[in-house]
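Structure first, then comments.
Each residue takes its place number in the sequence, starting with 1.
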Amino acid sequence: MTPLLQVRGLTRSFGGVRAVDDVSFDLGHGELLALIGPNGAGKSTCFNMINGQLRADAGDVLLEGEIITSKKPRDIWRLGVGRTFQIAATFHSMTVIENVQMALISHAKRTFRAWRPATAHFRDEAHALLAQVGMETHADRPSSVLAYGDVKRIELAIALANKPKLLLMDEPTAGMAPRERNELMALTKRLVTTNKIGVLFTEHSMDVVFAFADRMIVLARGKLIAEGSGEAVRADPKVREVYFGSGRTVAQHVPG
């Protein structure tokens, strides 16, 4: 079976610095793949090239065998690639359900006549998405009053509006308390399993990575230095030396 996502020889330089250097990996349907590495490893650059926000100097990104490297983020989104961001944000002037409705309207490429508000459309679909992320009872609340963990759930509902095959999550648990982190990733894991969505996520919280990732890839100075299961990464000497520092192990770095 063709992998959901194929990254082949992805390369990007800024001036004389090669931020991503010939990186290749695959992601399967229904798989959670963590992209980790120390600060400056090239994670964000790699992530943004996959999403179309940055153009690659070399290499290709394929979605179900189709090259998407030169496409714009909006076109990639319409092909079934959802995205969440490190700093979650919603339209504060709208209610929770209106935020999700706007995403559904965008996906449907709809425009509406002035005498019928856009918020009259896709209410059932929006309620269904909010139910998936545990936020249906908050549907009519202003987004401006939500706790940050709830904003992250709304962002996830918005990302699911285009029924993605692939979900790109940039630091999904940034700014969240430990309990909120685990709840959000457990929710993501359930959605992935149920809908066979592939997820690529970057993450600094190693407890989240080792608890929820099916597999992980490790970058350092733009190069892929290791990939595999959590157990394989824990045992990899390059990871211990380059990512976590000499003399420490991955297991010691992860909170108990």
Side-chain angles (χ1 to χ4, degrees), residues 1-14 18-37 41-86 107 156 159-172 185 188-189 191-203 209-210 212-233 236 238-239 243:
M1 178 185 291
T2 302
L4 173 61
L5 177 69
Q6 296 169 281
V7 174
R8 295 290 178 265
L10 212 56
T11 300
R12 172 73 189 222
S13 296
F14 297 97
R18 185 161 287 191
V20 175
D21 189 358
D22 194 26
V23 169
S24 299
F25 62 88
D26 291 344
L27 169 64
H29 294 265
E31 181 181 27
L32 267 79
L33 177 63
L35 174 59
I36 64 174
K43 303 185 300 296
S44 294
T45 301
C46 186
F47 206 77
N48 288 330
M49 283 191 287
I50 292 170
N51 190 54
Q53 291 179 302
L54 283 175
R55 187 174 294 274
D57 294 334
D60 283 309
V61 179
L62 297 90
L63 181 68
E64 293 187 321
E66 177 184 350
I67 294 175
I68 62 171
T69 319
S70 61
K71 294 184 180 295
K72 296 179 180 179
R74 170 64 61 175
D75 297 325
I76 292 173
W77 185 74
R78 293 199 184 281
L79 288 173
V81 179
R83 174 79 190 261
T84 69
F85 294 87
Q86 182 175 349
H107 176 58
L156 180 56
L160 295 172
N162 68 330
K163 300 179 180 178
K165 307 167 187 174
L166 172 65
L167 183 57
L168 303 174
M169 304 182 76
D170 188 6
E171 297 284 349
M185 292 309 295
T188 301
K189 185 87 169 181
L191 292 172
V192 166
T193 302
T194 302
N195 300 311
K196 296 297 182 183
I197 302 170
V199 176
L200 176 68
F201 70 102
T202 63
E203 184 58 65
V209 171
F210 283 92
F212 295 101
D214 297 312
R215 193 164 53 89
M216 55 195 73
I217 53 179
V218 186
L219 296 184
R221 296 182 180 179
K223 288 186 175 290
L224 193 154
I225 63 168
E227 66 176 306
S229 65
E231 184 177 342
V233 168
D236 192 288
K238 288 183 180 178
V239 175
Y243 188 97

Checklist entry - Does a salt bridge link K43 with D170, judged by any charged N lying under 4.0 Å from a carboxylate O? => result no
Next on the checklist: Going by side-chain contact (heavy atoms from CB on, under 4.5 Å), name the residues that satisfy it together with A161, two or more places apart in sequence or in a different chain.
Outcome noted: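 Expected list: A103, L104, L129.
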Next on the checklist: Going by side chain to side chain contact (heavy atoms under 4.5 Å, CB included), M49 matches just one of V20, D57, V23, V61. Which one?
Outcome noted: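 Looking at V20, D57, V23, V61, the match for M49 under the side chain to side chain contact (heavy atoms under 4.5 Å, CB included) is V20.
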So does [Y] get a backbone contact from the side chain of [X], meaning a donor-acceptor N/O pair under 3.5 Å?
{"X": "D236", "Y": "K238", "answer": "yes"}
{"X": "R12", "Y": "R55", "answer": "yes"}
{"X": "N48", "Y": "L54", "answer": "no"}
{"X": "K189", "Y": "F212", "answer": "yes"}
{"X": "T11", "Y": "G9", "answer": "yes"}
{"X": "T202", "Y": "L35", "answer": "no"}

Checklist entry - Under 6.0 Å from the CD atom of E231, do we count more than 12 heavy atoms belonging to anything else shown? => result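 No, CD of E231 has 12 or fewer neighbouring heavy atoms, counting only those of other groups under 6.0 Å.
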Next on the checklist: Counting neighbours of CZ on R215 that are heavy atoms of other residues, nucleotides or ligands and sit closer than 6.0 Å, is the number greater than 12?
Outcome noted: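 Result for CZ/R215: enclosed.
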Just jot down the side-chain hydrogen bond (donor to acceptor under 3.5 Å, both in side chains) partners of [X], sequence neighbours excluded, or say none.
{"X": "D60", "result": "T69"}
{"X": "K223", "result": "D21"}
{"X": "K72", "result": "none"}
{"X": "N51", "result": "none"}

Next on the checklist: side-chain contact (heavy atoms from CB on, under 4.5 Å), that's the test. Do T188 and F201 meet it? Break it down for me.
Outcome noted: CA-CA 11 Å; T188 301; F201 70 102; over 6 Å; no
Item to check | Qualifying ring pair (Phe, Tyr, Trp, His ring centres under 6.0 Å) pairs, either residue in residues 41-68, two or more places apart | outcome: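 Pairs touching residues 41-68 that pass the test: none.
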Checklist outcome for this item: Closest heavy-atom pair, L219 versus C46, reported as atoms and distance to 0.1 Å, is CD1-CB, 4.4 Å
Checklist entry - Stepwise, does the side-chain contact (heavy atoms from CB on, under 4.5 Å) test hold for E227 with V218? => result CA-CA 6 Å; E227 66 176 306; V218 186; over 6 Å; no
Item to check | Pairwise distance CD(E203) to CG(L32) - rounded to 0.5 angstrom | outcome: 11.5 Å
Checklist entry - Can you list the steps and then say if D22 with R18 is a side-chain contact (heavy atoms from CB on, under 4.5 Å)? => result CA-CA 10 Å; D22 194 26; R18 185 161 287 191; over 6 Å; no
